[in-house]
Amino acid sequence: MDEPGHFAQGALVAVLTAEPVGRPLDYRAPEGGCFAGALVEVPLGPRRVLGVVWGTGKGDYDLTKLRTIIRVLDAAPLSGAMRAFLVRMGEYTLTPLSVMLRLATRAPGLGDPPGMRKLFRAGEAVPERMTDARARVLRVLGEHGGAGFALAELAALAGVGASVIKGLVASGAVIEAESPRDAPFARLDPALPGLVLAEDQAAAAAKLRAALRSGGYGTTLLQGVTGSGKTEVYLEAVAECLAAGRQALVLLPEIALTGAFLARVEARFAARPGEWHSGQTQAERRRLWRMAGAGGVQLVVGARSALFLPFRDLGLIVVDEEHDQSYKQEEGALYNARDMAVLRASLCDAQVVLASATPSLETWVNAEAGKYARIALASRFGVAELPEMRAIDLRAEAQEAGRWISPTLVGEVQARLDAGEQAMLFLNRRGYAPVTVCRACGHQIGCKHCDARLVEHRFLKRLMCHQCGETEPLPEACPACGAVGRLSAVGPGVERLAEEVAERFPAARLAVLSSDLFGSARALKAAIEGIAAGSADIIIGTQIVAKGHNFPLLTLVGVIDADLGLQGSDLRAAERTFQLMRQVAGRAGRAGRPGVALLQTHQPDHPVIRAILAGDEEEFWRAEAEGRRAAGVPPFGRMAGIILSGPDLAQVFDFGTELARRAAPLKRIGAELYGPAAAPIARVRGRHRVRLLVKADRAAPLQAALAEWLGQLKLPGQLRLSVDIDPQSFL
Ligand code: ADP
Ligand code: ZN
């Protein structure tokens, strides 16, 4: 090695690839040498694959057969901190390193050379002749607000041939231009003044700025009711970070929130940050990935996977709405982006800000224990007041069959309509009705592939399985007894609620917000912006309305079924209901008009419902923490879920039983093993699911024991096994 981290031509280096090889393989450094962390192309069998120079080679492979790195890609090398993060996260979540590398290189065209390329964007002109295909192209461009696409990507997204796009170019409706592949982002100016902060905001901002100036790692819980001005405060931390020349990352739970946030960043720093989420075009993704590594982007706003961008010098990670369940990745590599943000920051001397009105119990306990600093914003910014919260006791309200809005709630909604204000009705259930039952034989229609009932989606005129996504037309006759015209919907979903609202308030303008009703994230974003501007009188929504949106005209939130989340045995049922109810209620009364939140419930005396209404959050968390401590469950104990699945139930169970029989490595660390047992959702996509649960002491070396335990048996070909550390879902 001639300089630190550099390997001279011919030197033995270890290269990690995203292929399922299990470990880095030895190669020889190419002509000109290479740096540790460099992205390279290597031969693997007959193929050429992407890899990263991981370090010095092991030398355990026949030196005469050793192959040479084909070329070093034109991209910044992954930093040592980034590589350490991938290793540590892989160890924590028991995810193979190759899979970790795949997470970190999810950008298209990494091997392509820099330079210019042709991109297509929306033009000014209107084509003289409009066809369906042309309209689809223009719609895709419109939904991506000015972004540029490569020809093939645009054609695929719009479902048209390239000639349609070329035709639009000829008419001026689409512009084709040579664009640099990877231009740096516009500079944000951290020296610009922010808003004049209220006293508690200023104190909070000063603490965060001081933490940033320390230049080291630290995590702070920034707690404050919705509307207390947390965003304004953490933007001050961003300013401090950027002023120091380091990069900042803000994670948001919901891409529909980014629009409003981008506008605020632009107002504060006079330029837009980089965006990273599923709505980005391939060209944008590639550019952002490369600029993160090259230092050409100062601030990135993104979904959880933005955590794997190869930042050159990351100084701050903000996790907004840190309690949000969408930070947990439930497929493929299982991880919680909030926890992994803390890990990443600790490895690169960065600060973490966890912002929430209703922190997760994990975070609250860490703050109580002094592991995290804690800053509280006590009141709403300015004159806005937290809404008054009351229960509507459904046992005391006469309710017609097939109706879900109680007379009291109807009266309250009407009062808002009369006053020209908005009302929101919250029901956390997509579709028209959760169950379709035959009135003749009592049969409930279920999914053929899953242990789940089909949900009627009337807008789509289909039944849908919420597990596997399979849909089928609504049948005329009962599939079990053949009776015709006897199928009937049981229970409400948002679509059915919309029907009731339309009947009861025929003059009101109605908006239904449910993730499945929007073709794209951009369309959902546009709908939310429209509602904020006053385009609807009554908003009906699933949990997507609970998250951080600012609807200035909204003064009433009605929760149709506050008891919904309390059923079931999930250890976080109380915590989640508490958070969701407080979050939803927080939508009301944000702009100076007092808000009211009304919870329809059959159990107004349930301790969780009482805690929600009383509004004593500290008391709720204390009680909840005590309960968990007594039961030895997270965050006071550790858990890992093992999910086995396969086409043959007996085989899946046998394997689970065999694992249970060999639990000695778990016993040695004092861990308990439960199961195997059929999972609550016992079949998905035709695969039978069996769960085991491992419970251990907080200090026990759980990962090592799990690795030893699971390493004893080879997984039969048809079975799949996944390990979920700190599981959030037990389904
Ligand atoms: P949170 O993130 O806690 O929900 P926000 O930061 O979004 O709160 O603030 C709520 C509202 O109050 C926003 O519309 C924001 O622009 C406004 N706001 C917050 N702080 C200030 C301030 N110091 N001066 C003026 N407006 C503010
Ligand atoms: Zn299904």
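Just so it is clear, the values below take in all heavy atoms, side chains as well, and ignore hydrogens, waters and symmetry mates. Ligands are counted one by one from 1 in listed order, and the atoms in each one are counted from 1 as well.
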> Applying a heavy-atom cut-off of 4.0 Å, say which part of Thr231 lies close to ligand 1: side chain, backbone, both or neither.
both
> Atoms of ligand 1 less than 4.0 Å from Arg264 heavy atoms?
5 (P), 6 (O), 7 (O), 15 (C), 16 (O)
> Are Asp324 and Arg304 within salt-bridge range, i.e. N to O under 4.0 Å?
no
> Could you note down all residue pairs passing salt bridge (Lys or Arg N to Asp or Glu O under 4.0 Å) where residues 352-363 supplies at least one of them, sequence neighbours left out?
Glu362-Arg572
> With a 4.0 Å cut-off on heavy atoms, does Ser228 reach ligand 1?
yes
> Take the angle between the ring planes of Trp621 and Phe578 and call it parallel below 30°, perpendicular above 60°, tilted in between.
perpendicular
> Using distance alone, decide if ligand 1 has a nitrogen or oxygen within less than 3.5 Å of any nitrogen or oxygen in Val196.
yes
> Only heavy atoms count here, so choose which of Ser356, Ala198, Gly229 is nearest to atom 8 (O) of ligand 1.
Gly229
> Please tell me whether Tyr234 and Asp320 have a donor and an acceptor in their side chains that are separated by less than 3.5 angstrom.
yes
> Between Phe308 and Tyr335, what is the ring plane arrangement, given parallel below 30°, perpendicular above 60°, and tilted in between?
perpendicular
> Under 4.0 Å from a heavy atom of Leu197: which atoms of ligand 1 are those, numbered in the order shown and with their elements?
23 (N)
